[in-house]
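Since this is a predicted model, take the numbers as computed values, not measurements. In each ligand, atom 1 is the first atom listed, and ligand 1 is the first ligand listed.
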Amino acid sequence: MIDWKTIKDLHANKKLEEIIGKWFGVDIFYTDQHGNVHSNIFDKDYDFVSHFFKIQSQLGYGKEFVSQDIEKGLDKLKDTEEDSFYYESFFPHVRMIAAKIESEGETLGAVFAYPYVTDQITKDELQEIEEKLVECGASKEDAQTSVEQLKKLQKHEYEYLKELIGLVAHEVSMVYDEVNKRENLIMDLNAELGNKYRYHNIIGKSKKMQEIYHLLTKVSNSEATILIQGENGTGKEMVAKAIHYNSPRKDSVFLAVNCSAFNDNLLDSELFGHIKGAFTGAVKDKKGFFEAANGGTLFLDEIGDMSLSMQVKLLRVLQEGTFLPVGATQPKKVNVRVLAATNRPLKEMIAKGDFREDLYYRINVINVTIPPLRERTEDIPLLMDTFLETKCGEMGHPLKQWGKKTLEKMIDYKWPGNVRELQNDVHRLVVLAGEDKVITPDLLGSKFNDAQDFGAPTGNLKGINTRGKLKAALEELEAYMIKEGLKRCNFNKSRLSKELGISRASLIMKVDKYDLDKRKKASGE
Ligand SMILES: Nc1ncnc2c1ncn2[C@@H]1O[C@H](COP(=O)(O)OP(=O)(O)OP(=O)(O)O)[C@@H](O)[C@H]1O
Ligand SMILES: [Mg+2]
């Protein structure tokens, strides 16, 4: 869209208009491609250059005549290759000039100059114009003076005028392009700024996190139930809070219940409440989380740990908005938005019959899956810096720095405990660094040593197995080292046994045990 205000205020154009007015006695005005006039010619106190135009504008239908002429000009612009041309206006022999404003082949409007007559005009023709004016309601006197004052232009003059008007139009087009370019630039810049490095308290600049921010912005305003999935420590609870505090319910409560923290009976009464005497110890009525969260948001954390019978009850609240407190006979109704989270693979659980499919579809209306930290390593330095700053501040230390090697090792580490693990490590490192300004790699624990990477190049082992039985993990490592060693030593077992510091017999035994024999491999794989 052209900003007509800017165009009208263009210094160059103002000057041109002035000169053109003085030389040729015409008024200049601008219209958009629909014929809307963007000059003040229709204002009551507009100071016309042309007396004729002024008188015309005061006629009952004066403005309509101009509008007709504009329409005619714009129509012609569409059909001609010319950028500017002159034509006869509503008043016989009185001429108008139109010049096209365009950008990238698209017509955006026109500049008009009006009115003039040619020097070939006869007395009779001038008389004709005068009569037409009177016919349209002008006084004899006004008609006479205005026609007298019409400029009679020679051919080279109106040709020149036409060119000048074309120039004005061209100037407008150029400015439009410029402004457009600038606006696009500003939009691009804004878009970059819009690439947020955080959303509420969630930090991360990776593309994956940006996508999550985008999704969260879209879903926060809805009332839909949202399932948040992700490994331990990826920030599921943070996401739930961000959704709540960005939603219309933000001024009501956000309640979080960890479903895995209670046994069935307790969870039942925690969620739905109970009435006095419902069971031993129920000495008075107690509101459940659903009631307490009325009007707000209830966050059901670790929903994958909920028993099947509790899942049925939950499904009913979600579907009907009603529930029965333990021991009650009258169902209660609530208005609660439910967000749920889990780090368990619900789909697999459904296949095994451990999670109800209907509940899954009911809570998974919108799914937010937070990727593990190792899949967005760009976020690691940003998170490290943020946590460093808070912890140093908390401890009253001046801001510390990351040693280069420390940073590298931390970026390479696979972070099975995700952001929580990273946050804990940063806090620990700040404490360990004491008065030192730089956090050196020697402070990093053994888990950061290269060992964790051993599986990465071949993809056979995904980092150290920090869970499960130690014996199995050791065997896994042993098999891996022998397999890689055999390849490296070209299956020379004597050499490898020396390298590994075990007897040849022992190596052969292990090769057998882990089924790493070359010939067998060759035929079997
Ligand atoms: N993107 C992030 N930016 C800043 N802090 C984060 C981010 N993700 C997680 N954290 C921090 O990591 C910790 C774990 O986050 P949160 O409790 O939300 O994770 P979770 O997915 O619910 O973990 P769990 O599965 O163990 O319950 C919190 O202290 C949180 O502040
Ligand atoms: Mg959690």
Side-chain angles (χ1 to χ4, degrees), residues 195-217 219-220 225-247 254-262 267 270-271 289 293 297-306 338-346 348-349 355 363-364 366-395 402 410-411 413-431 466-467:
N195 272 352
K196 293 205 226 163
Y197 283 11
R198 61 187 309 151
Y199 182 90
H200 285 250
N201 295 325
I202 310 167
I203 293 158
K205 62 173 183 174
S206 58
K207 188 147 183 291
K208 290 186 174 173
M209 289 311 285
Q210 302 274 345
E211 280 165 15
I212 289 193
Y213 302 159
H214 187 68
L215 178 65
L216 293 185
T217 325
V219 301
S220 293
T225 310
I226 298 179
L227 176 63
I228 306 160
Q229 291 186 281
E231 290 181 9
N232 287 321
T234 43
K236 296 184 291 294
E237 185 154 352
M238 288 195 96
V239 164
K241 282 187 182 151
I243 294 172
H244 169 76
Y245 287 108
N246 218 21
S247 80
F254 172 87
L255 277 185
V257 205
N258 187 331
C259 301
S260 69
F262 304 99
L267 185 60
E270 286 294 330
L271 284 181
F289 278 111
T297 306
L298 182 61
F299 174 48
L300 299 175
D301 204 359
E302 317 290 0
I303 199 166
D305 294 344
M306 205 181 244
V338 171
L339 306 176
T342 181
N343 54 16
R344 299 185 62 179
L346 292 189
E348 283 171 33
M349 290 175 66
F355 201 84
I363 56 172
N364 196 29
I366 293 165
N367 186 288
V368 179
T369 298
I370 314 172
L373 192 52
R374 64 182 169 280
E375 286 176 18
R376 43 182 168 111
T377 44
E378 314 92 284
D379 291 342
I380 295 176
L382 182 66
L383 286 163
M384 282 169 68
D385 284 346
T386 315
F387 296 146
L388 182 70
E389 209 182 311
T390 13
K391 191 63 184 178
C392 287
E394 246 174 61
M395 296 190 54
W402 296 109
M410 288 180 80
I411 291 172
Y413 182 63
K414 297 299 172 221
W415 300 107
N418 294 294
V419 186
R420 179 184 290 110
E421 185 185 5
L422 178 80
Q423 191 175 28
N424 289 340
D425 276 340
V426 173
H427 291 176
R428 192 177 51 83
L429 287 165
V430 172
V431 174
T466 51
R467 295 256 165 95

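The shortest side-chain heavy-atom distance between E302 and N343 falls under the 4.5 Å cut-off. The shortest side-chain heavy-atom distance between V368 and I226 falls under the 4.5 Å cut-off. Side-chain contact check for F299 versus V338: every heavy-atom pair is 4.5 Å or farther apart.
With G233, A256, A240, S260 as candidates, the residue nearest to atom 23 (O) of ligand 1 on a non-hydrogen basis is G233. Compare E421, K236, R344, M209 by their heavy atoms: the one nearest to atom 25 (O) of ligand 1 is in K236. Of the candidates H200, E237, Q229, E302, the one placing a heavy atom closest to atom 22 (O) of ligand 1 is E237. When R420, M238, K241, Q423 are checked for heavy-atom proximity to atom 29 (O) of ligand 1, Q423 turns out nearest. Within the set L373, I203, I212, the minimum heavy-atom distance to atom 3 (N) of ligand 1 is found for I203.
The closest approach between a heavy atom of G230 and any atom of ligand 1 is not below 4.0 Å. Ligand 1 has at least one atom lying under 4.0 Å from a heavy atom of L383.
Under a 3.5 Å cut-off, the side chain of N418 and the backbone N or O of P372 do not form any donor-acceptor pair. T234 places a side-chain N or O within donor-acceptor distance of the main-chain N or O of E231, the cut-off being under 3.5 Å.
Which parts of ligand 1 touch I202 is read off a 4.0 Å heavy-atom cut-off, strictly below it: atoms 1 (N), 3 (N). Interface atoms of ligand 1 facing F387, defined by a heavy-atom separation under 4.0 Å, are 4 (C), 5 (N). With ligand atoms numbered from 1 in the order given, ligand 1 contributes 3 (N), 4 (C) to contacts under 4.0 Å with heavy atoms of N201.
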Go through the steps for M410 and L422 under the test side chain to side chain contact (heavy atoms under 4.5 Å, CB included), then give the verdict. CA-CA 9 Å; M410 288 180 80; L422 178 80; 3.9 Å; yes
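The only option from E375, K208, K236, Q229 that meets the side-chain contact (heavy atoms from CB on, under 4.5 Å) definition with I370 turns out to be K236.
Looking only at atom types and distance, the side chain of D379 has no donor-acceptor partner in the side chain of T377 under 3.5 Å away.
The protein atom (non-hydrogen) at minimum distance from atom 19 (O) of ligand 1 is G235 N, 3.0 Å.
By the criterion of a heavy-atom distance under 4.0 Å, neither the backbone nor the side chain of R198 is placed next to ligand 1.
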